[in-house]
2 protein chains.
Amino acid sequence: MTVYGGSGDPKRSLELLWGIQDKPRRGPKPRFTIDDVARTAIAIADADGLAALSMRRVASELGVTAMSLYGYVPSKAELIDVLVDRVVGTVELPEHDGDWRARLERIARANWELSLRHPWLLQVSASRPVLGPNIVAKYDYDLRAVDGIGLSHLEMDLVVTLVADYVNGAARNAVEAAQAREQTGTTDDQWWEEFAPLLDTVFDAERYPTAAVVGAEAGAEYGAASDPERAFEFGLARVLDGLAVLIESKRD
Amino acid sequence: MTVYGGSGDPKRSLELLWGIQDKPRRGPKPRFTIDDVARTAIAIADADGLAALSMRRVASELGVTAMSLYGYVPSKAELIDVLVDRVVGTVELPEHDGDWRARLERIARANWELSLRHPWLLQVSASRPVLGPNIVAKYDYDLRAVDGIGLSHLEMDLVVTLVADYVNGAARNAVEAAQAREQTGTTDDQWWEEFAPLLDTVFDAERYPTAAVVGAEAGAEYGAASDPERAFEFGLARVLDGLAVLIESKRD
DNA sequence: GAAAACTCCATACGCCGTAGAGTATTGTCC
DNA sequence: GGACAATACTCTACGGCGTATGGAGTTTTC
């Protein structure tokens with residue numbers, strides 16, 4: 001239930017992310033690498049959510065006290081910055097082929113799956129973009145998907161942003177639905193069955209006839225209050241249709 | 001930096017949200033109403049962020065101890081459920097006029113502004129939809145914007161979801177940019193000036209030529225790393241274009 | 001008036017991020 | 001090889017968090 005946002009000192013984060021090291025070191029050898037710390041932290045967040053990701057927890061899984069982590073990372077915020085870049089780095093970036101639409105669709109699906117694989121990702125709010133190596137690589141890759149099809153550089157940026165924004169918005173619903181299923185241990189059907197009569201006692205179908213009929217029909221069709229994956233498929237097709245309007249108008 | 005998600009016991013939340021009261025009460029009169037508590041909590045979250053919203057803080061602003069809040073609300077999670085419904089209730093729902101596109105555009109802009117007015121809203125993850133009276137009213141209102149234009153009930157739901165999802169995704173960026181400005185006290189220009197040389201030392205423009213040129217051009221044009229409002233305008237137009245393709249195909 | 005129901009408070013527990021000081025280990029220089 | 005400085009890690013502690021528990025005081029019902 002409790003969740004975090006990243007964004008520590010950007011300068012320090014940058015150094016961490018790009019692995020800038022200072023001088024030969026004099027004291028005892030560090031017991032781990034930053035990678036070890038990051039890997040452990042990601043495993044915790046994946047398994048038990050961002051709320052479970054505490055310095056003490058990471059440290060204890062590494063067999064060490066909480067304070068010793070502060071030799072690797074200036075604070076928890078920078079650690080989270082590192083985590084984000086690391087998981088973004090797990091997205092495969094195969095050579096582009098197909099037309100722009102196929103490319104953007106593949107990117108959208110990859111983003112979608114990334115968010116589902118790391119449900120905590122969308123809960124990290126990066127107040128300023130943390131430009132880690134993997135995020136930069138992905139930005140470049142995404143841009144190249146729409147290069148050379150008549151868009152200005154600015155439009156390329158806007159297009160890539162649009163796709164990413166939509167996927168993030170849609171993925172939130174999927175992530176939350178999945179988490180609800182896990183946390184409460186009830187399936188969508190069970191929850192709906194338990195909840196519906198309660199809602200009936202309170203919801204005035206005559207006052208909101210449209211919501212009543214659409215909600216009921218959607219609920220029956222989805223077998224739940226919503227079907228995030230179906231919504232994603234529908235929305236993605238519309239977004240790409242909308243981009244097609246723009247891109248085809250440039251073709252002339 | 002620390003942030004919360006809502007979703008307590010749905011049954012209890014529902015009762016709270018719809019103001020179901022039990023029996024005449026026997027003991028001393030409560031000092032406040034749930035509205036008082038909610039209003040105070042919203043003020044705190046608006047002013048200082050969701051991280052600053054603690055039971056102790058709300059209580060102390062009401063001149064009371066933290067534990068006394070638990071007479072009004074079973075836990076913090078349910079309180080947040082209430083807050084969400086309350087702020088959704090501040091969105092104006094004027095009689096629909098214009099065509100579907102004008103209606104959806106107005107809805108999108110209203111959602112956008114709601115998120116900017118209450119920057120914590122997008123950080124609350126509603127694991128299951130919390131169907132408060134205001135959320136239901138808005139769902140009905142949004143659906144009516146696309147009623148009678150040839151869409152099936154399911155499609156109406158999907159369309160409304162698409163618009164909401166996109167706006168949420170885009171608004172996140174705007175909210176985070178605004179928060180970064182506040183928290184760090186630096187303008188976008190200042191931050192960019194300070195950050196750019198650092199990034200140059202690390203970023204290999206030859207390896208990522210597309211990102212380099214597009215990023216530079218966009219940065220110059222925006223006067224910042226991004227321009228969330230411009231991105232929103234661009235994306236919204238595309239989304240509506242995409243919906244037009246669908247809707248016009250139904251007209252026949 | 002007695003008893004029940006209720007509001008609110010005081011205390012406490014186990015978490016959290018992290019500041020500060022101390023200890024042990026390692027590399028560098030004479 | 002020995003002294004010294006830098007480093008990795010530990011221990012302790014502080015002020016925060018959500019909230020369980022139990023008790024004090026107030027109001028309504030019988």
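Chain A is the first sequence line, chain B the second, and so forth, proteins listed ahead of strands; every chain is numbered from 1.
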message = Looking at dC9(D), I'd like to know if its phosphate oxygens (OP1 or OP2) sit under 4.0 Å from a side-chain N or O belonging to Tyr72(A).
response =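 Tyr72(A) to dC9(D) OP1/OP2: side-chain N or O found under 4.0 Å.
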task = Report yes if a side-chain nitrogen or oxygen of Lys29(A) is closer than 4.0 Å to either non-bridging phosphate oxygen (OP1 or OP2) of dC9(D); otherwise report no.
result =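 No, outside the criterion.
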4.5 Å side-chain heavy-atom contact, [X] and [Y]:
{"X": "Tyr208(A)", "Y": "Leu143(B)", "value": "no"}
{"X": "Pro133(B)", "Y": "Leu17(B)", "value": "yes"}
{"X": "Val136(A)", "Y": "Asp140(A)", "value": "no"}
{"X": "Phe232(A)", "Y": "Val167(A)", "value": "yes"}

All N/O contacts under 3.5 Å from nucleotides 9-11 of chain C to the protein, with atom names and distances to one decimal?
{"from": "dC9(C)", "atom 1": "OP2", "to": "Thr65(B)", "atom 2": "N", "distance (Å)": "2.8"}
{"from": "dC9(C)", "atom 1": "OP2", "to": "Thr65(B)", "atom 2": "OG1", "distance (Å)": "3.1"}

Are any of the side-chain nitrogens in [X] or [Y] under 4.0 Å away from the carboxylate oxygens of its partner?
{"X": "Asp165(A)", "Y": "Arg172(B)", "value": "no"}
{"X": "Asp46(A)", "Y": "Arg117(A)", "value": "no"}
{"X": "Arg57(A)", "Y": "Asp48(A)", "value": "yes"}

Rounded off to whole Å, could you give me the [atom1]-to-[atom2] distance for the [X] and [N] pair?
{"X": "Asp48(B)", "N": "dG16(D)", "atom1": "CG", "atom2": "P", "answer": "15 Å"}
{"X": "Tyr70(A)", "N": "dA19(C)", "atom1": "OH", "atom2": "C1'", "answer": "10 Å"}
{"X": "Met55(B)", "N": "dA20(D)", "atom1": "CE", "atom2": "P", "answer": "10 Å"}
{"X": "Leu50(A)", "N": "dG17(C)", "atom1": "CG", "atom2": "C1'", "answer": "14 Å"}
{"X": "Arg26(B)", "N": "dC6(C)", "atom1": "CZ", "atom2": "C1'", "answer": "9 Å"}
{"X": "Ile34(A)", "N": "dA8(D)", "atom1": "CD1", "atom2": "P", "answer": "11 Å"}
{"X": "Leu62(A)", "N": "dT10(D)", "atom1": "CG", "atom2": "P", "answer": "11 Å"}
{"X": "Leu69(A)", "N": "dA8(D)", "atom1": "CG", "atom2": "P", "answer": "13 Å"}

ask   = In degrees, rounded to 10°, what is the bend between the two ends of the helix from dG1(C)-dC30(D) to dC30(C)-dG1(D), using five pairs at each?
value =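 Axis-to-axis angle, ends of the helix: 10°.
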request  = Determine whether any donor atom in the side chain of Arg56(B) lies under 3.5 Å from an acceptor atom in the base of dG16(D), or the reverse, and answer yes or no.
outcome  =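 Between dG16(D) and Arg56(B), which were checked side chain against base, a qualifying N/O pair under 3.5 Å is absent.
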query = Taking only residues two or more places apart in sequence, or in another chain, which ones meet Leu62(B) in a side-chain contact (heavy atoms from CB on, under 4.5 Å)?
reply =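 Phe32(B), Val37(B), Thr40(B), Val58(B), Leu69(B).
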inquiry  = Go nucleotide by nucleotide along DNA chain C from the 5' end; which of Pro28(A) and Pro28(B) gets its closest nucleotide reached first?
reply    =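 That would be Pro28(B).
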key: Residues, nucleotides or ligands: over 12 heavy atoms within 6.0 Å of Arg109(B) CZ   =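 Above 12, so yes.
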message = Closest approach to the side chain of Lys76(B), judged atom by atom: which nucleotide of dC17(D), dT18(C), dA8(D) is it?
response =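 Nearest nucleotide to the side chain: dC17(D).
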